[in-house]
Structure formats: structure tokens, C-alpha cells
Protein chains: 2
Amino acid sequence: MLRYVTVTQALSRREKARLATTDEIKATALDLMREQGTTDVRFTDIARVMGMTAPALYRYFDDRDELLTALIADGYLALGARIAAALAPLPAEDLAGRWVAAGSSYRDWARSEPQQFALVLGMPVPGYVAPDEGPTTEAAKAAMGQLASIFVAAAETGRLGEPLIREVSQAIIDCEKAKHDELIGIVPPESFQAMMQTWAMLHGFVSLEAYGHFDWLEPDARDELFRSHIRLAAKAAGLPVPAP
Amino acid sequence: MLRYVTVTQALSRREKARLATTDEIKATALDLMREQGTTDVRFTDIARVMGMTAPALYRYFDDRDELLTALIADGYLALGARIAAALAPLPAEDLAGRWVAAGSSYRDWARSEPQQFALVLGMPVPGYVAPDEGPTTEAAKAAMGQLASIFVAAAETGRLGEPLIREVSQAIIDCEKAKHDELIGIVPPESFQAMMQTWAMLHGFVSLEAYGHFDWLEPDARDELFRSHIRLAAKAAGLPVPAP
DNA sequence: CGTGTTTGTTATGAGGCGTAACGTTTCCTG
DNA sequence: CAGGAAACGTTACGCCTCATAACAAACACG
């Protein structure tokens with residue numbers, strides 16, 4: 001069965017139709033997830049909404065896991081695109097603004113698409129195992145790389161200050177060398193460490209909020225807490241601190 | 001059907017048997033979740049492992065949601081118990097040690113029981129809606145309250161320093177008054193804010209790690225990163241900072 | 001136009017959830 | 001202690017979903 005189409009040549013009529021149907025299936029799945037507030041999705045329901053029968057969907061996805069894999073990859077792409085869109089209008093030198101924009105995109109995405117967020121960054125779905133390599137991993141790196149790029153830009157323009165915690169273990173230094181050698185000589189190890197802690201900070205807030213653990217806070221207070229949180233993250237990491 | 005037993009009087013033979021069976025069901029469910037690495041659980045499987053038939057389980061839990069509710073409540077209790085156990089041997093004045101111990105328990109629990117962690121603090125399970133009041137909420141407060149108690153102890157002994165971020169919005173001040181008036185006059189608003197940010201920091205790291213997003217780091221590096229992370233959290237919040 | 005591919009259908013089986021109806025064991029009380 | 005009630009467990013069943021198989025229609029293309 002022809003499943004993945006090379007993009008080098010123009011798509012035939014059939015291939016375009018196939019892609020359109022594939023997209024519609026994914027979009028319908030997301031709609032249903034939004035509607036029902038779950039990451040669960042029934043082929044039966046997707047098919048019904050699309051005016052098809054369930055077995056037809058197996059022409060496009062071998063099973064539910066393959067659909068989920070596609071949705072997860074799309075999720076990373078969507079997150080990456082949102083961050084990119086938020087960063088685009090900001091000048092490269094506005095580091096504080098870019099940091100706020102990137103963090104806020106992350107948060108806004110999680111709030112507007114909590115199911116997709118859970119799918120991508122939450123507990124792996126029952127039975128689903130992420131492929132070690134592939135489009136998913138690449139999309140993930142692309143999305144997260146944008147956060148890293150702010151640190152890189154800061155370091156390259158000499159505006160990356162000392163992080164609040166300066167002690168770095170050999171294990172983390174080794175990890176930067178082994179896994180992110182592109183940062184060696186640009187982002188010092190203590191800032192590499194701070195970078196991951198910054199992601200953890202951001203993710204922690206967004207995660208708690210998306211899963212309803214901040215529901216007891218008024219929306220205004222949540223917004224203010226986030227603004228403060230993101231300033232804290234910048235300050236802790238040695239990034240230029242956004243204005244309060 | 002008799003479901004909840006008053007603890008004031010001794011339990012009859014039957015009540016003890018019922019409780020034992022209920023516990024066995026929950027334990028079996030957790031075992032299966034651990035085994036399969038999911039938060040999914042089939043009554044059929046539980047029953048098979050227990051040497052029963054599935055419909056018998058409905059004598060103990062009305063449906064899957066009720067079992068999940070019980071597991072979530074137990075999860076909070078387990079988390080609370082672990083934190084309490086970690087704090088118990090430490091003297092009240094060792095604030096830095098207590099902070100490290102509490103944070104590490106949180107992390108250890110998530111790592112040793114990732115499914116329970118996902119159940120309790122992750123995405124709400126398909127279809128499941130948490131009851132607004134009840135044992136779940138109380139257990140949650142008890143578990144999280146222990147983190148808060150470290151801040152309270154620090155404040156009461158005059159060892160709670162200024163948090164890194166001092167600006168606090170009126171909305172957050174109002175929220176402390178409305179939802180946590182027991183802290184008013186003890187924990188200043190900017191520290192109340194820092195407290196929640198500290199939770200978010202802790203949760204973010206633990207969450208990313210539990211869901212495999214730090215798998216690319218060597219275990220040693222993860223441990224070191226966590227040590228650094230928890231020091232950062234303490235420093236940012238104005239708590240006494242643990243030694244590196 | 002005819003042939004092979006693609007896309008859809010209906011039919012079917014396997015398995016889980018939850019209910020109903022029916023024994024069997026356990027407790028409790030007259 | 002005997003009878004009755006409650007609790008506990010079973011089998012049988014209906015409904016739903018996943019996934020496959022077999023078949024029919026639409027389409028592309030020589």
C-alpha cells in the first residue's frame with residue numbers, strides 16, 4: 001500500500017485526495033478529542049462524523065497507534081509553528097521579549113489544545129510506544145530547539161548572564177558533549193543546565209495548569225502567576241529579564 | 001450495598017474480608033498497570049489474576065471510574081505518606097534538608113510509580129471527572145500541604161528570605177486571602193507566589209522525567225540535574241539553600 | 001476499452017464493559 | 001439452632017469497539 005509520498009514530484013490527483021483524507025481523519029480525531037475532552041478516539045466515531053464506515057479508515061492508518069503517532073508528530077509541528085509564529089515579529093535582539101513570547105506560546109498551545117498537549121508531552125498513551133527515530137523525534141527537536149535558540153542568541157551576543165546555580169556536575173558536561181555538541185563553546189555547561197531547568201519550569205507550570213491543578217486560582221491570578229513564573233525562569237537562567 | 005464502613009467500631013469478619021478484597025483489587029490493578037506501563041486497566045484482567053470473574057468486581061466498584069477514583073485517592077495518600085516518611089527523621093530546623101527530602105520523595109514516587117503519578121497528576125483519564133469534594137481533595141491537600149509546611153516553618157523561624165521575584169499582583173494576594181487564609185500573616189504574598197512556582201518547578205522536572213523526556217540523559221546526569229534543580233528552586237524561593 | 005490499483009462497503013470474529021438472573025456462603029437474629 | 005436476609009460469586013447476555021476478510025465500485029492508465 002502506498003503510504004508515504006515523495007514530495008520531489010508533483011502529487012497525482014489520487015495522492016492529493018489521499019493526503020486530504022488523511023488530514024481530514026486527523027482533524028476529525030482532534031475535533032472529537034476536543035469535544036469529549038479526552039485523548040481517547042474511536043474509529044467508529046471518526047468514520048461516522050466523516051460519513052464513512054470504520055473499516056475504511058484502515059486504508060489510511062494500520063491501527064489506532066499509527067493514527068496516534070501521526071497526531072503526536074503533528075502536535076510537535078503545531079507547537080513548533082506556534083512558537084515560530086510568536087517569535088517571528090520580534091527582533092532578534094529582543095531576548096526578553098522572545099523568551100516571553102516563546103514561553104507564552106507553549107502555554108497558550110497547552111491551554112487551547114490540552115488533549116494534543118497531553119498526547120505529546122504527557123503520559124504515553126496506553127500501548128503506544130514512540131519510535132526512537134523518525135519524524136516525531138525531529139519535530140520535537142525543532143520545537144524545543146527554538147527555546148534553545150534564545151539561549152544561543154543570548155550567548156553569542158554576550159548577553160547570557162550567569163545562572164543562579166553555577167555548580168555543574170561532570171555528568172551534565174559530558175551529556176552536553178555527547179548529545180548537543182553543537183552548543184559546545186557557545187552555551188557554557190552551567191547555562192546548558194539552566195536551559196533544561198528553564199524548560200522544566202515552563203513545562204511544570206503549563207502542565208499543572210493544563211490538567212486543572214490551578215483551577216482553584218482565578219484566571220487573572222493564573223495569568224499573573226505565569227508572568228511572574230516566566231520572569232523567574234529568565235532571571236534564574238541568566239537571560240535578560242522581562243519587565244514586570 | 002454496604003460500601004463504606006465506619007471505623008469507630010471494630011470491623012466484622014465480613015467487613016474485613018470486604019476491605020481485603022477491595023485492597024486486593026486495587027493492588028492488582030496497580031500491578032497490571034505497572035506490568036503494562038499504562039493507566040489502562042481491564043476488569044477482565046484484574047479478575048483473572050485474582051481468580052475471579054469480571055462481574056464479581058462490580059460488587060466492589062460500580063464501574064471503572066469508581067476504581068480509578070479510589071486509585072487516585074490512594075495515590076495522593078501514598079505520595080503524602082512518602083513525603084511524610086522522608087521528612088520524619090529530619091529535625092524541624094533542617095529546612096534545606098527537609099526541602100530536598102520532600103522534593104526527592106516527590107521525584108522518587110513518580111519514578112517508582114509512574115502510572116500512579118500519571119493517574120494523580122497527569123491528564124484526567126478519559127471520561128473521568130474528579131469529584132469536587134471528598135477524600136481525593138483532602139488527600140491532595142495533605143500531600144501538598146507538607147511542601148507548604150516547609151515554607152511555613154521557614155517563615156515562622158524568620159529564615160524565609162526574599163524570593164528572587166518580588167513583584168506580586170493583586171490577583172495573587174486576593175487568592176491567598178480567599179483560598180489560603182491560614183497562611184495570611186505568616187507567609188507573605190511574594191513567598192506564597194514563590195511557593196507555587198516552586199511546586200511548578202518540581203513538578204515540571206519530575207513530570208518530564210517520569211514521561212521519558214529526559215531519557216536521552218544518562219541516569220547520573222539526571223540525578224545531578226535534579227539536585228541542581230532543587231537547589232535552584234530553594235534559592236529562587238528564598239528557602240535555605242541545600243549544599244551542592 | 002480493458003486491466004490492475006485504490007477506495008469504499010458489508011459481514012464477521014474477538015474481546016471488553018456492564019446488567020440480569022440465579023446459586024451459594026455468611027451472618028444475624030428470633 | 002433454624003430461618004431469613006444480605007453479601008458474594010457465577011453464568012448468560014446485549015452492546016460496543018477494534019480489526020480482518022471478502023467483495024463491489026471508482027479510478028488511472030496503457
Side-chain angles (χ1 to χ4, degrees), chain A residues 1-6 9-26 28-29 31-33 35-36 38-71 125-129, chain B residues 1-6 9-26 28-29 31-33 35-36 38-71 125-129:
Chain A
M1 184 192 318
L2 181 61
R3 174 119 332 137
Y4 297 109
V5 179
T6 57
Q9 57 179 358
L11 276 64
S12 74
R13 186 172 187 76
R14 231 176 204 166
E15 287 164 341
K16 278 192 289 184
R18 182 176 185 83
L19 275 188
T21 308
T22 305
D23 285 347
E24 191 185 347
I25 293 173
K26 292 189 292 190
T28 308
D31 282 348
L32 287 170
M33 286 182 1
E35 204 172 291
Q36 305 171 5
T38 72
T39 55
D40 224 9
V41 70
R42 275 174 288 281
F43 269 35
T44 309
D45 292 346
I46 300 175
R48 183 177 38 71
V49 170
M50 290 179 66
M52 297 171 60
T53 55
L57 300 184
Y58 289 85
R59 298 284 181 197
Y60 300 89
F61 298 95
D62 277 348
D63 54 15
R64 236 167 74 247
D65 275 10
E66 206 178 281
L67 174 57
L68 288 177
T69 307
L71 290 176
V125 172
Y128 169 74
V129 282
Chain B
M1 187 192 319
L2 182 60
R3 175 126 323 144
Y4 297 108
V5 179
T6 57
Q9 57 180 1
L11 276 63
S12 75
R13 186 171 187 78
R14 224 176 212 169
E15 287 164 340
K16 276 191 289 185
R18 182 177 187 82
L19 275 188
T21 307
T22 306
D23 284 346
E24 192 186 345
I25 293 173
K26 292 189 292 188
T28 308
D31 283 347
L32 287 170
M33 287 184 356
E35 203 173 291
Q36 306 171 4
T38 71
T39 53
D40 224 7
V41 70
R42 274 175 288 282
F43 269 34
T44 309
D45 293 345
I46 300 175
R48 183 177 38 72
V49 171
M50 291 179 67
M52 297 171 59
T53 55
L57 300 183
Y58 289 85
R59 299 282 181 199
Y60 299 89
F61 298 95
D62 277 348
D63 54 15
R64 240 170 67 246
D65 274 10
E66 206 178 281
L67 173 58
L68 288 177
T69 307
L71 290 176
V125 172
Y128 169 74
V129 282

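A note on names: the letters A, B, ... follow the listed sequences, proteins ahead of strands, and every chain is numbered from 1.
- When rounded to the nearest whole Å, the span between CG of B/Asp63 and C1' of C/dT19 equals 13 Å.
- Rounded to an integer number of Å, the gap from CD of A/Glu66 to C1' of D/dC18 is 15 Å.
- Every residue two or more places apart in sequence or in another chain that forms a side-chain contact (heavy atoms from CB on, under 4.5 Å) with B/Asp23 is listed here: B/Lys26.
- In this entry the distance linking CZ of A/Arg18 with C1' of C/dG8 reads 12 Å, nearest Å.
- The OG1 atom of B/Thr39 lies 8.0 Å from the CG atom of B/Leu68; values are rounded to the nearest 0.5 Å.
- For A/Arg59, the listed nucleotide lying nearest its side chain is D/dC23; candidates were C/dT10, D/dC23, D/dT10.
- Atom CE in A/Met50 sits roughly 12 Å away from atom C1' in C/dG8 (whole-Å rounding).
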Using residues 42-57 of chain B as the side-chain source, report each donor-acceptor pair under 3.5 Å to any protein atom, sequence neighbours left out, with the distance given to one decimal.
| residue | atom | partner | partner atom | Å |
| --- | --- | --- | --- | --- |
| B/Arg42 | NE | B/Asp45 | OD2 | 3.0 |
| B/Asp45 | OD1 | B/Arg48 | NH2 | 3.3 |

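- For B/Ala56, the listed nucleotide lying nearest its side chain is D/dG9; candidates were D/dG9, D/dA7, D/dA19.
- In this entry the distance linking CD of A/Glu15 with C1' of C/dT5 reads 13 Å, nearest Å.
- Interatomic distance, CE of B/Met33 versus CG of B/Asp40, reported as 9.5 Å (0.5 Å rounding).
- In terms of heavy atoms, A/Phe61 sits closest to A/Thr22 at CZ-CG2, 3.6 Å.
- The separation between A/Gln36 atom CD and D/dC16 atom C1' is 14 Å, rounded to whole Å.
- Between the CG atom of B/Leu57 and the P atom of C/dT19 there is a distance of 13 Å, given to the nearest Å.
- Under the side-chain hydrogen bond (donor to acceptor under 3.5 Å, both in side chains) criterion, B/Asp31 pairs with B/Arg34, sequence neighbours left out.
- The shortest distance between side-chain heavy atoms of A/Tyr60 and A/Arg18 falls below 4.5 Å.
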Please produce a list of atom pairs where a protein N or O lies less than 3.5 Å from an N or O of nucleotides 25-30 of chain D.
| residue | atom | partner | partner atom | Å |
| --- | --- | --- | --- | --- |
| D/dC27 | O2 | A/Arg14 | NH2 | 3.2 |

Practice item. Spell out protein contact along nucleotides 11-16 of chain C as letters: B when the base is contacted, S when just the sugar-phosphate is, - when no protein heavy atom is under 4.0 Å; keep the 5' to 3' order. Key: B----S
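- OP1 and OP2 of C/dA20 both lie 4.0 Å or more from every side-chain N or O belonging to B/Tyr58.
- With rounding to whole Å, A/Asp62 atom CG is found 15 Å from D/dC18 atom P.
- The listed nucleotides are C/dT10, D/dA7, D/dG9; the one nearest the side chain of A/Thr53 is C/dT10.
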